[in-house]
There are 2 protein chains.
Amino acid sequence: MIQHGAEGVHLNQIAEEAGLTSGAVLYHYPDLRDLLIEAHHAGMERFYEQRVKKISGMADPAQKLITTIRSGLPESPDDAGVRLLCELGGAAGRNRVYGTLLTTLYDRQVAMYQMILEVGAAQGVFKLAGDSEQIARNLVALEDAYGYRIIARHHSIGPDEAVGLILDFARMATGHPLKETPAPPRPKATRTTRTTRPRKSTGTADGSTAQPQDAG
Amino acid sequence: MIQHGAEGVHLNQIAEEAGLTSGAVLYHYPDLRDLLIEAHHAGMERFYEQRVKKISGMADPAQKLITTIRSGLPESPDDAGVRLLCELGGAAGRNRVYGTLLTTLYDRQVAMYQMILEVGAAQGVFKLAGDSEQIARNLVALEDAYGYRIIARHHSIGPDEAVGLILDFARMATGHPLKETPAPPRPKATRTTRTTRPRKSTGTADGSTAQPQDAG
DNA sequence: TAAGTATTTGAATCACGATTCAACAAATAT
DNA sequence: ATATTTGTTGAATCGTGATTCAAATACTTA
């Protein structure tokens with residue numbers, strides 16, 4: 001799906017990816033759509049669980065907030081998880097199931113932020129400039145949107161810039177300075193959790209990505 | 001594209017939509033992708049121009065801001081223009097041209113907001129709580145994200161709720177009360193520009209929409 | 001080990017959509 | 001009015017990918 005879009009998935013490719021033949025895939029999923037929905041469901045679950053886990057040990061609400069913001073953004077334009085979510089976004093308008101899936105994820109993320117905000121406010125760390133739900137919704141919205149920008153390879157908005165922009169809002173909303181990089185010791189401006197990252201971005205002449213048969 | 005996704009477009013449907021046969025379409029666009037790119041380009045241009053035009057006559061920056069926020073959101077989950085933009089969002093990760101197109105639109109919208117903010121600040125109407133570019137970027141980001149939520153038919157976020165949420169942020173950022181519905185008189189909650197709308201939503205067993213072969 | 005069940009394969013079939021193209025029609029130039 | 005170009009059609013062709021299924025293989029249980 002990442003390679004060819006929600007409507008461009010080909011059974012044979014799925015089979016190959018799974019190390020099987022098309023027949024075997026069909027044996028388990030006579031209707032391909034069920035497979036895709038399950039896959040999406042699982043992917044979203046994983047995405048959400050990862051975020052929760054990342055802040056599970058933390059005590060400081062500010063640190064939690066910062067970490068959560070970062071964990072909602074793609075690590076690079078090639079981040080598979082977020083790529084998939086973006087794909088889903090477009091399809092959600094056409095497909096009710098995808099729409100519901102995405103809506104549910106959104107709501108859960110809002111709840112997650114809301115919890116952080118409320119706890120922070122209760123502890124006196126945050127001075128919320130409005131309803132916690134309103135702030136939480138806007139935080140998730142910002143994450144989403146900058147995810148799209150990063151995936152689309154905006155020249156001046158990468159993961160770090162996006163974090164910065166969202167933090168600008170978060171500061172207004174919580175009245176907390178929210179200093180970045182609180183705990184993990186990092187000598188220079190080196191990024192932490194990041195995979196290989198291609199240095200030259202294998203683009204083709206017509207501007208499409210490496211994968212053949214794109215724009216269609 | 002709205003019906004079948006960026007990768008699901010079929011030549012014959014395009015032809016039919018245009019009142020032609022496939023051959024005639026191919027005569028003008030031997031490569032379908034060129035047609036799609038041009039179409040997207042034109043659509044985005046139209047979208048942007050409409051927004052600019054809507055505020056062209058206005059004097060009050062606050063009113064401009066409110067109007068612009070509303071004009072960036074879909075009027076309903078069926079809003080064709082925004083549906084298309086959402087579609088593009090997913091494809092942008094795969095296709096550089098779409099990515100660039102979308103990035104350009106984003107930047108132009110940011111500039112548009114920035115202008116409104118700066119003028120408002122210069123006139124003493126707004127007290128900006130930060131860099132105008134930062135605020136503008138977040139405003140566009142929020143628009144984008146709520147556009148997706150509306151398209152995905154979030155049960156509690158419609159156009160009005162989205163405007164409300166974005167305005168909450170805008171108030172923090174401008175220090176202006178930004179009272180809603182300043183000029184246009186609207187009697188009830190009736191939406192304006194809407195096409196036929198199917199009454200029963202011919203959904204299939206799996207929950208996908210009328211169009212066959214959805215989930216890809 | 002044997003019988004039974006679950007899974008996988010590979011080849012055959014089927015359906016659909018893109019592509020090609022000769023003939024036709026419309027518009028424009030001479 | 002005729003010639004030329006521009007645009008359109010409809011049918012024929014071609015290729016791809018989904019679907020089917022009998023046979024082969026792997027796994028389970030008694």
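Letters go in sequence order (proteins before strands), and every chain restarts at 1.
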All heavy atoms of A:Gly99 vs all of A:Ala92, minimum pair found to be CA-CB, 3.7 Å
I want to confirm an ordering. Mapping A:Gly23 and A:Leu11 to their closest nucleotides on DNA chain D, which one lands closer to the 5' end? A:Leu11
Classify the ring geometry between B:Tyr106 and A:His154 as parallel (under 30°), tilted (30 to 60°) or perpendicular (over 60°). perpendicular
Which residue lies more 5' along DNA chain D, comparing A:Asn12 with B:His28 via nearest heavy atoms: B:His28
Among C:dG17, D:dT19, C:dT9, find the nucleotide with the atom closest to the side chain of A:Leu26. D:dT19
For the pair made of CD in B:Glu16 and C1' in C:dC16, what is the distance, rounded to whole Å? 15 Å
Between C1' of D:dA18 and OH of A:Tyr29, the distance in whole Å: 19 Å
Would you sort out whether A:Arg70 and A:Lys54 count as a side-chain contact (heavy atoms from CB on, under 4.5 Å), showing the intermediate values? CA-CA 10 Å; A:Arg70 181 146 232 134; A:Lys54 273 213 179 107; over 6 Å; no
Here the distance between atom P of D:dT20 and atom CG of A:Asp31, to the nearest Å, is 11 Å
Using a 4.0 Å heavy-atom cut-off across all strands, classify B:Leu20 as base, sugar-phosphate, or nothing. sugar-phosphate
Could you check which of C:dG17, D:dT9, C:dT9 has an atom nearest any side-chain atom of A:Ala24? C:dT9
Would a 4.5 Å heavy-atom cut-off, applied to side chains only, mark A:Leu65 and A:Ile55 as touching? no
Options C:dG10, D:dA18, C:dT19, nucleotide nearest the side-chain atoms of B:Ser22: C:dT19
